[in-house]
Structures are given as structure tokens and as C-alpha cells.
Amino acid sequence: MQAYTSNSQPIDRSETVRLIDRQRPDWSLEQAFYAAPAIFALERDLWFPRQWMLVAHASEVPEKGRYIVRQLFDEEIIVVRFDDGEEDIAAYYNVCTHRGSRLCAKDGRGKLLVCPYHAWSFRLTGELQSRQDLPESVDPEALGLHRVPCKHFGGLVFCGLDANSLPDIQPVADGLTGGLRENGLDRARIVARKNYLTKANWKLVLENFLECYHCRPAHPEYYRVNGHVKVTATRDADKAVEWQNEIEAWH
Ligand code: FES
Ligand SMILES: [Fe+2]
């Protein structure tokens, strides 16, 4: 694989490894981490599949039989409510286990997921239900839909691709569920959706989001009205006490 830095010098995988090796901990990343397609390709192969991603809100699959089709990096997945319990949401690759046809073309509802090609059908829990002309030597149990790891808490549905290397999401769920419920996220509904296309590497967007050092000079109004922002922007102990008091007053 070859890629190009902004001065048009190609870099290959071994150069990418050298770049990673010489990265100084806690220092900004070198330019190539934001601009070189070889690094982006490496992230797609190695990093993205090992991350839990927010793919849906639970209200998008409000009752048994409802399913939605979503893109997760280079894969298309189906997120389905297979029963009425709070936890009963699963995700599958949107690929029929017969000849690989796309199973669901769009969001929908049904008692089964039926393939449009030869009409094999799958239960909402993923097992193969009915199939045409399956040779006796083939075990139908082995032909269920391929599951995508899926976890749901506080109204948010997360999926990840690489089941063997996804981190344990339970500590995150334990830490966030209370706050999500307190803010009504579990009872929320989606009324509008806006996409903002940013012509920048994804890490620039995340890095900006994860620091609030810039909030005071860059967003003075936001800084003035939001106690949490005041604390994270200044790390001022008095402001932290004020903010804590404000939270307790709400309760
Ligand atoms: S590809 Fe789905 S039933 Fe044949
Ligand atoms: Fe900002």
C-alpha cells in the first residue's frame, strides 16, 4: 500500500510503523497522522473495528419485530428488537447466509427477516427458520445470521465489529447509565437528524471535542452559562464546588 503526505512523498506501512514508534507520549501527533491515507487505512483495519460505536437510539426499534439498517464503517448491519424486554436488541450483518444477498433493503418490521433472493427466512433472534432445498448433510443450525456485538444502555445502542478485541463496555455502561436516565435520554425520541460533513481527519474533530481548554476564549457565552464548562476549562477548585452545589440543587 502507498500513501502520500501533503508534500506528495509516498509513505508505506513500514514508514507508518516508524512514525508510530517515534511518537512522543503526550505530544501532538505528527502531520502524517492527520493527512496520510496509509495511516487512515491502518486505522480502518486495526482501530475502528475494535471500537464500540453509537449506532442507534433504542426508540428507533421501539417494539418486537422492528428493525433498522445501519452502516458501521465498511459493513452494513441490521439492528433488531427481537423481544419486548428492555435488553432485547441484537445486531446482525445484513448478509444472507445462503448466497450472501443483502437481507434487508431498508428499515422495517416483521416476524421474520426474509431474504429477497431465494426467500430463506430468519428468526428475529438470528436462527434460520425456513430454507429451500437445503441438502440433508448441511446443518441448518450452522446457518444463522452472523451476529454483530451489540450493547444497549440508557437508550443508546452500541455495536462493534471485532468481537475478539472490543473492550469491555460494561464499566462505561455502569458509569453513564445513571446520568443518561437522569437527563431523559432513555425516554427520548429522534425528531430530526442533521449531518455535518467536516473536511478534516476524524481525530481533529475528536481531539477538539475531548478538550475544553479552548472553551473560555473560543466560546465565551457557552463558558458563562455552563458550570461544567467552567470547571473543565479552568480546573478551578472553587468553580468545581459551585458546580457541585448547582447539581445538588437540581436534585
Ligand atoms: S441468498 Fe438469501 S435466500 Fe438465497
Ligand atoms: Fe469548541
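When a ligand or atom number is given, it counts from 1 through the structure's own listing order.
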Just checking: Cys212, one of its N/O/S atoms, less than 2.8 Å away from the Fe ion (ligand 2), yes or no? no
Do any N/O/S atoms of His219 come under 2.8 Å of the Fe ion (ligand 2)? yes
What residue among Arg70, Arg81, Arg189 forms salt bridge (charged side-chain N to carboxylate O under 4.0 Å, His left out) with Glu60? Arg70
Could you check whether the rings of Phe40 and Phe48 sit parallel, tilted or perpendicular, using 30° and 60° as the cut-offs? perpendicular
Hey, can you tell me if His118 and His98 have their rings parallel, tilted or perpendicular (30° and 60° cut-offs)? perpendicular
Please give the atom name: the N, O or S atom of His98 nearest to atom 4 (Fe) of ligand 1. ND1
Atom 1 (S) of ligand 1: which protein heavy atom is closest, and how many Å away? Arg99 N, 3.3 Å
Nearest neighbour in protein (non-hydrogen) for atom 4 (Fe) of ligand 1: His118 ND1, 2.0 Å
Should you measure from each heavy atom of [X], which atoms of ligand 1 turn up under 4.0 Å away?
| X | value |
| --- | --- |
| Tyr117 | 1 (S) |
| Ser101 | 1 (S) |
| Trp120 | 3 (S) |

Hey, are Asp74 and Arg44 close enough for a salt bridge, meaning a charged N less than 4.0 Å from a carboxylate O? yes
So, Arg18 and Glu15, do they make that salt bridge, N to O below 4.0 Å? yes
With His57, the side-chain contact (heavy atoms from CB on, under 4.5 Å) member among Leu156, Val157, Asp186: Leu156
Going from CD1 on Ile78 to SG on Cys104, what distance comes out if it is rounded to the nearest 0.5 angstrom? 3.5 Å
Quick check on atom 4 (Fe) of ligand 1: does Cys96 put an N/O/S atom closer than 2.8 Å to it? no
Contact flag Cys115/atom 4 (Fe) of ligand 1, N/O/S atoms, threshold under 2.8 Å: no
